[in-house]
Each structure stands twice: as structure tokens, then as C-alpha cells.
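Notes follow the structure.
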There are 2 protein chains.
Amino acid sequence: MEDGTSKSLGHCGDTDDDYDVLQWDTREDCEVRQILDRIADKWSLLVIALLDQRSLRFTELRRKIDGISQRMLARTLRHLERDGLVSRTVHPVVPPRVDYELTPLGASLHHTVRALVTWTEKHQNEIAVARSAYDVRVVVEQEAAEKEAVRREAMARGVLAGGR
Amino acid sequence: MEDGTSKSLGHCGDTDDDYDVLQWDTREDCEVRQILDRIADKWSLLVIALLDQRSLRFTELRRKIDGISQRMLARTLRHLERDGLVSRTVHPVVPPRVDYELTPLGASLHHTVRALVTWTEKHQNEIAVARSAYDVRVVVEQEAAEKEAVRREAMARGVLAGGR
DNA sequence: CAGTATCCGCTACGATACTG
DNA sequence: CAGTATCGTAGCGGATACTG
């Protein structure tokens with residue numbers, strides 16, 4: 001619907017008095033943030049990765065991406081098209097046929113996306129281990145806290161009893 | 001939600017009759033998808049990128065990340081901690097001091113995150129151009145469609161008038 | 001300072017129905 | 001087939017208040 005791209009800026013990285021080595025602006029309205037949020041959303045990564053293999057039709061994408069609704073696929077594709085990452089080709093035949101493929105810009109992104117996916121695949125076991133370790137720690141700490149509470153209460157009662 | 005299928009996972013990439021070169025499972029419940037969604041969310045990328053510079057305290061992070069609420073920062077940090085990407089160190093002093101830093105695992109991710117950010121910075125102008133081009137196209141097409149509609153209506157009325 | 005707890009609005013998203 | 005339009009809902013995320 002609306003779209004707040006009224007900002008003229010071209011590079012928004014060097015303003016605050018308090019910034020340091022960070023090479024990238026963290027401000028909310030920064031264009032980089034916006035683009036990043038768009039690219040790194042739930043479906044875009046999937047679509048980009050799939051389209052790198054070859055161009056695909058709407059329904060092919062739909063079938064390949066488990067759990068996506070037409071709505072979200074259409075939305076995602078339009079966003080990617082708008083950002084110039086994906087091109088849309090309508091073949092005037094019946095039944096209608098629409099092909100999606102990565103633009104050169106999109107293809108250049110894919111290299112990075114692939115790296116991210118590869119990293120995730122490579123480390124998913126470590127992450128799984130870390131998660132269970134964390135979950136165990138939380139439970140243990142909770143139990144310890146409960147015992148501590150009981151102990152204190154008992155002590156307080158002891159003091160009370162002694163003071164009478 | 002439900003998950004009735006007894007998957008022989010361990011590696012979940014090769015089941016359907018219709019799969020191709022894609023090296024990564026697109027299914028919703030796949031662990032890779034879940035991890036990706038977590039890493040690539042609105043704040044995680046920021047936090048990881050910031051922590052690569054040096055370890056930071058809670059409030060330092062809060063101040064550096066424009067627009068984040070305590071709630072989201074705490075949430076994000078706990079998620080990252082749970083996934084073993086960030087370590088949390090409590091210094092028992094007053095006032096309390098808590099340092100966050102990347103674990104080796106988190107540091108290895110950062111390399112990839114950095115690549116993503118760099119790509120975005122590099123191509124933000126191209127994307128901006130693509131966007132305005134797209135927006136113009138949409139407006140033009142809309143206007144054309146409206147004129148077409150008017151034309152047809154006029155023709156229809158003409159036919160009606162002639163047929164009377 | 002470094003959080004957690006509570007409330008709550010907004011919108012992202014899915015399900016469904018309809019169009020060219 | 002390739003979408004758009006409409007509606008209902010769940011949960012993301014912000015604001016505020018409270019704790020250790």
C-alpha cells in the first residue's frame with residue numbers, strides 16, 4: 001500500500017557523534033536496514049535460492065516451497081521484482097505461463113545467500129547441541145532457585161520460632 | 001503444527017519424486033529453515049554485526065541499535081545465546097554489568113553476515129533505481145488500463161446506440 | 001544497570017473465494 | 001494457470017511498569 005521512500009539520501013552512514021568502527025548505519029530508516037529486512041525475510045531467501053537453479057513458473061515455485069500460500073508467493077515475487085532481483089516474463093499463451101528468473105543483480109545476491117545456507121547446514125548440529133544445553137541449564141537454574149526459596153522460607157520460620 | 005509423517009531425517013533433502021538439483025530442503029519443518037528464520041530476523045543480524053567489533057554491554061547495544069526496545073533486545077540476545085552464537089557474562093558487581101560477545105560459532109557466522117551487508121551497501125543504488133522504475137511502470141500500466149476501460153465502455157455505448 | 005511481566009495495537013500471514 | 005480481493009486471526013513487537 002503505502003511506501004515511505006520519500007527520502008532522498010544516497011548514503012546514510014556518518015552522522016551521529018557516537019559512532020565507532022561499525023561500517024554500517026544502524027538507524028532504523030536507513031536504506032540498508034530496509035533492504036536487508038526485505039531480502040532476509042521468511043520466503044525471499046527460498047525463492048532466490050530456487051531461482052538460481054533455473055527459471056521457474058509460479059506454480060513450480062509454489063510446489064517447491066512447502067508451506068507457502070499463493071498470497072505470500074505472489075507478494076514475495078512482486079517485492080523481489082520491484083527490487084530488481086527477479087524478472088517476470090509473461091508468455092501470451094493459453095493457459096497463461098509466467099516465468100520468473102533471477103536478474104544479474106539477483107544472481108549476484110545468490111552467491112551470498114548460498115553462503116548463508118551452507119553455513120547453516122554445516123553448523124545445524126552445533127546449534128542443536130547448544131540449544132539443548134541451554135534448555136537444560138535453564139531448567140536446572142529454575143530448580144535451584146526454587147530450592148533456594150524454600151530454604152530461605154524455612155530459615156525465616158526458624159528465626160520466627162526461635163524469637164517467640 | 002502437527003507432524004504426522006515419520007521422516008527418516010538426519011538429512012532431509014531427498015524425498016519427493018519431484019526434486020532437482022537443489023541442495024537444501026525447502027520443507028517447513030526443516031531445521032535449516034528454522035535456523036535461517038531465526039538468524040535472518042529483524043534484529044539478529046544487527047546484533048551479530050555489532051558484536052563482531054567487540055563485546056558489548058546490554059545498554060551499549062541498546063544505544064547502538066536505533067529503534068530496538070529492551071524487550072526485543074533481551075529476546076534477541078537470549079535466542080542468540082540459546083543457539084550458541086553469543087555468550088553472556090555476568091560480572092557480580094554493582095551496578096550489575098553483563099557483557100555479550102560472539103562465540104566462535106557466532107564469529108564464523110559473522111563472516112557471512114558481513115558479506116550480506118556489504119552486498120546490500122554495494123547495490124543499494126541499483127535497488128533504489130529498480131524500485132522507482134517499477135513504481136513508474138505500475139502507474140503507467142494502471143493509467144493505460146483505465147483508458148482502455150473508458151474506450152471499451154464508449155464503444156459499447158456506441159454499439160448500443162447503433163442497435164437502437 | 002539489566003533485565004522480566006503485562007498489556008495491547010498492528011500487520012503479517014493463511015484460508016477462501018473470485019477473475020482474466 | 002496465475003494471479004487479486006477480502007476477511008479473520010495469531011503473534012510480533014512497542015510502551016509501560018515493576019524487580020534484583
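Computed from heavy atoms alone, side chains included, the values below leave out hydrogens, waters and symmetry copies. Labels below follow one simple rule: chain letters A, B, ... track the order of the sequence lines, proteins then strands, and each chain is numbered from 1.
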State, with a plain yes or no, whether a side-chain heavy atom of Thr120(A) is found less than 4.5 Å away from one of Leu109(B).
no

Can you measure Arg63(A) atom CZ to dG3(D) atom P for me and round it to whole angstrom units?
17 Å

All pairs passing salt bridge (charged side-chain N to carboxylate O under 4.0 Å, His left out) where residues 71-81 of chain A contributes a residue, at least two apart
Glu81(A)-Arg137(B)

Classify Arg62(B) by what it touches in the nucleic acid, base, sugar-phosphate, or nothing, heavy-atom distance under 4.0 Å.
nothing

Rounded to the nearest angstrom, tell me the gap between atom CD in Glu81(B) and atom P in dA2(C).
15 Å

Rounded to the nearest 0.5 Å, how far does CD of Glu31(A) lie from CD of Glu121(B)?
11.5 Å

Tabulate below the donor-acceptor pairs under 3.5 Å that side-chain atoms of residues 93-107 of chain B make, not counting sequence neighbours, or state none.
unit_1, atom_1, unit_2, atom_2, d
Arg97(B), NE, Asp99(B), OD2, 3.4
Asp99(B), OD2, His91(B), NE2, 2.9
Tyr100(B), OH, Arg88(B), NE, 3.3
Thr103(B), OG1, Gly84(B), O, 2.6
Thr103(B), OG1, Leu85(B), O, 3.1
Thr103(B), OG1, Leu105(B), N, 3.4
Thr103(B), OG1, Gly106(B), N, 3.0

Have a look at Arg97(A) and say if it touches a base, only the backbone sugar-phosphate, or nothing, with a 4.0 Å heavy-atom cut-off.
sugar-phosphate

Between Leu46(B) and Arg33(A), is there a side-chain heavy-atom distance shorter than 4.5 Å?
yes

Rounded to the Å, how far apart are Asp99(B) CG and dA2(C) C1'?
12 Å

Tell me: CD1 of Ile65(A) to P of dG14(C), nearest whole Å?
11 Å

Any side-chain N or O of Tyr100(B) below 4.0 angstrom from OP1/OP2 of dC1(C)?
no

Between Arg82(A) and Asp135(B), is the closest basic N to carboxylate O distance under 4.0 Å?
yes

What pairs of residues pass the ring pair (Phe, Tyr, Trp, His ring centres under 6.0 Å) test when at least one of them lies in residues 114-146 of chain A, not counting sequence neighbours?
Trp119(A)-His123(A)

Are Leu61(B) and Leu51(B) packed together at the side-chain level, in the sense that at least one heavy-atom pair is separated by less than 4.5 angstrom?
yes

Look at the side chain of Ser44(B) and the backbone N and O of Leu80(B), then say whether any donor-acceptor pair between them is shorter than 3.5 Å.
no

Close side-chain approach of Lys64(A) to Gln53(A), heavy-atom, < 4.5 Å
no

Measure the shortest side-chain to side-chain distance between Val47(A) and Leu73(A) over non-hydrogen atoms and say whether it is less than 4.5 angstrom.
yes

Under 4.0 Å: is that the gap between some side-chain N or O of Arg57(B) and OP1 or OP2 of dA2(C)?
yes

Between dA15(D) and Ser69(B), is there an OP1 or OP2 to side-chain N/O distance shorter than 4.0 Å?
no

Specify the separation, in whole Å, of atom CZ of Arg71(B) and atom P of dT4(C).
11 Å

To the nearest Å, how far apart are Glu141(B) CD and dT4(D) C1'?
15 Å

Nucleic acid contacts of residues 73-80 of chain B, taken as heavy-atom distances under 4.0 Å to DNA chain C
Ala74(B), Arg78(B)

Would a 4.5 Å heavy-atom cut-off, applied to side chains only, mark Leu45(B) and Val117(B) as touching?
no

Measure CE/Met72(A) against C1'/dA15(C) and give the value in whole Å, please.
12 Å

Using atom names, set out every protein N or O paired with an N or O of nucleotides 17-20 of chain C below 3.5 Å, distance rounded to 0.1 Å.
unit_1, atom_1, unit_2, atom_2, d
dA17(C), N6, Gln70(A), OE1, 3.3

If I take atom CG in residue Asp41(A) and atom C1' in nucleotide dC13(C), what distance separates them, rounded to the nearest angstrom?
12 Å

Where the side chain of Trp43(A) is concerned, which of dG13(D), dC1(D), dG14(C) is the nearest nucleotide?
dG14(C)

Could you write out DNA chain D as a dot-bracket string, with dots for unpaired bases, | for bases paired across to another strand, and Watson-Crick or G-U pairs counted at under 3.5 Å?
||||||||||||||||||||

